[in-house]
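Beneath this line is the structure, given in structure tokens, with notes to follow.
Sequence lines set the chain letters: A, B, ... in the order given, protein chains first and strands last, and positions in each chain run from 1. What you are looking at is a predicted structure, and each value in this text was computed from that prediction instead of being measured.
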There are 2 protein chains.
Amino acid sequence: MVSATVSTTGSGAADGSARTASADGRSAPLSRQAVIDHALALADVDGPAAVSIRRIAQDFGVTPMALYWHVKNKDELLAAMGDRILDTIDLPDRKPASGLEELRGLLAVLVDALHRHPGCTALAQQRVLACDSGRQLAERALDILRSNGFGVRQSADLSRAALQTSIMLVSGRPGAETATPQDERAAVLAGKRAALVGLPADRFPHLVECADALTDCDDEAAYYGAGIDLYLAGVTALQQCQAAAAR
Amino acid sequence: MVSATVSTTGSGAADGSARTASADGRSAPLSRQAVIDHALALADVDGPAAVSIRRIAQDFGVTPMALYWHVKNKDELLAAMGDRILDTIDLPDRKPASGLEELRGLLAVLVDALHRHPGCTALAQQRVLACDSGRQLAERALDILRSNGFGVRQSADLSRAALQTSIMLVSGRPGAETATPQDERAAVLAGKRAALVGLPADRFPHLVECADALTDCDDEAAYYGAGIDLYLAGVTALQQCQAAAAR
DNA sequence: ACCTGAACACCGTTCAAGT
DNA sequence: ACCTGAACACCGTTCAAGT
């Protein structure tokens, strides 16, 4: 285990080449960024529940209290993880001519950013209105909605729905299993599928029929695209409905 | 503190009238149902993080290990909490003539059930395909979608979206703050609103404008109704779009 | 059938102390 | 500036033992 990113055995400081918490080579120095990155990696591999101060310290070959120099406490670490996810978003250029269609690109970049750490969507969600990159995202969504005829209340609710749609698409993707450690995911998923297939066909005909579709997402891009389409179709219908009521 | 439901001071067995963990009168006997109910109450009042085996035991005036007679372990307790939420749903009658509109009633009862324990939506979500009442709900959603012309894949994805839309409406409602203990919610919310209002108006004009709408939901029924409408508009548009492509 | 006592392996966190 | 040691108040859980 010379340069393991996230070792399941998790005895980071056993041998001489300790501090092998990062991917590139060995001996990643302890730093705020390194701690946050490793926490995200931990969440990806072993599930968000595996993120603990003590575990991170162990993986860096350092004492738990060492982390408190780089991070205020665990809550602040979790917030920083959410911020980091949102920071990777680079907002598409504004193109006011395209109407509500412009929302599509916005949701796409958000989904993309969330998809890199699917077990941490909740952390990102909590930071949308709290960190700068999240606020830029929300501001952009509101801008598009406001300039397409929606009022304050409706723009607020629809922008919320946009962000939450993205989050639910990623965290609720069939077969995501973000809470389960990576190496158990296949087994857990197979179990769930088997449970659905084995259901009494007279009571749950559709669950049996859809068992595969409910537990696996063969085409991620199509899945996300369809989810974004659904939201957009709803918003567009709402806009037309209101335009009709106005005249 | 004779018959407090969830006492913040939390010394359940201090006086003689211990075991006052339930609402009606005093001395609720320890039982599986009582444990689950109290766990839900705890989550509602002090946030889901406050649900612990030791805290529940304390509120019942009993030793932590006593709970393990009624509940296998904490994970099983959390699952039972989710089941309990879904069990309160009573499914509306089928009315095949109404087309996709029938989904509206389904989402409404789900939103209603979730809204009673808004901090526990994630627990319910994880149990939808795992417990009987959740499966009935999913089966019904699939039934409506399948009998309105959607294929297996699309019905699976749209039924997921339906459930997740409900969950996001409840847990993401402006001003919900389900993670914060009840008595801090007002203060936390005021802080968030103030942070938005105080944002630089040149960079975030819409966030400033929408600060109130983003942090408060003056009309819950209207909010939930509009959210369900949005989903339904999307699904209906999708249906028409496909019908057009088919001919 | 239902509960307790003692014990274990985990948490996050503080505070004084080291270099 | 950056890290450690010892200590505290929490967790969930097991297991043998009580009634």
If you restrict it to nitrogen or oxygen atoms, what contacts under 3.5 Å exist between nucleotides 14-19 of chain D and the protein, and what is each distance?
none

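Taking atom CD1 on A/Ile53 and atom P on C/dC11, their separation rounds to 11 Å, with Å as the unit. The separation between B/Gln58 atom CD and D/dG12 atom P is 12 Å, rounded to whole Å. Atom pair A/Leu67:CG and D/dC2:C1' shows a separation of 12 Å (rounding to whole Å applied). Atom P of nucleotide D/dC10 and atom NZ of B/Lys74 are separated by 15 Å, given to the nearest angstrom. The CD1-C1' distance, from B/Ile56 to D/dG12, rounds to 12 Å in whole Å. Atom P of nucleotide D/dC2 and atom CZ of A/Arg32 are separated by 13 Å, given to the nearest angstrom.
Residues B/Arg203 and A/Gln136 are in side-chain contact: their nearest non-hydrogen atoms beyond the backbone lie under 4.5 Å apart. With a 4.5 Å cut-off on side-chain heavy atoms, B/Ser133 and B/Cys131 count as touching.
Here the side chain of A/Arg173 pairs no donor or acceptor atom with the backbone of A/Glu220 at under 3.5 angstrom. Using a distance-only test at 3.5 Å, with no hydrogens or angles considered, a donor-acceptor pair links the side chain of A/Glu139 to the main chain of B/Leu207. Side-chain atoms of A/Arg185 come within 3.5 Å of backbone atoms of A/Glu177 as a donor-acceptor pair (strictly under, hydrogens ignored). Under the 3.5 Å distance criterion, the side-chain polar atoms of B/Arg140 are matched with a main-chain donor or acceptor of B/Pro92.
Within the structure, every side-chain polar atom (N or O) of A/Thr63 is placed at least 4.0 Å from both OP1 and OP2 of D/dC3. A close approach under 4.0 Å does not occur between any side-chain nitrogen or oxygen of B/His70 and OP1 or OP2 of C/dA1.
Helical stems in DNA chain C, defined as runs of 3 or more consecutive Watson-Crick or G-U wobble pairs with both donor-acceptor distances under 3.5 Å, are listed by first residue as C:4-8 with D:12-16, C:12-16 with D:4-8.
Scored by the side chain to side chain contact (heavy atoms under 4.5 Å, CB included) test, A/Ala39 finds A/Val51, A/Ile56, A/Leu77, A/Met81 as partners (sequence neighbours excluded). A/Thr215 meets the side chain to side chain donor-acceptor pair (under 3.5 Å) test with A/Arg193; sequence neighbours excluded. The side chain to side chain contact (heavy atoms under 4.5 Å, CB included) check on B/Ala122 picks up nothing, with sequence neighbours excluded.
Within residues 76-85 of chain B, no residue has any heavy atom under 4.0 Å from DNA chain D.
Heavy-atom minimum distance, B/Leu199 versus B/Phe204: CG-CD1, 3.7 Å.
Considering A/Asp83, A/Asp87, A/Asp132 in turn, A/Asp83 is the only one that fulfils the salt bridge (charged side-chain N to carboxylate O under 4.0 Å, His left out) rule with A/Arg127.
Taking the nucleotide of DNA chain D with the nearest heavy atom to each of A/Trp69 and B/Arg54, the more 5' of the two is matched to A/Trp69.
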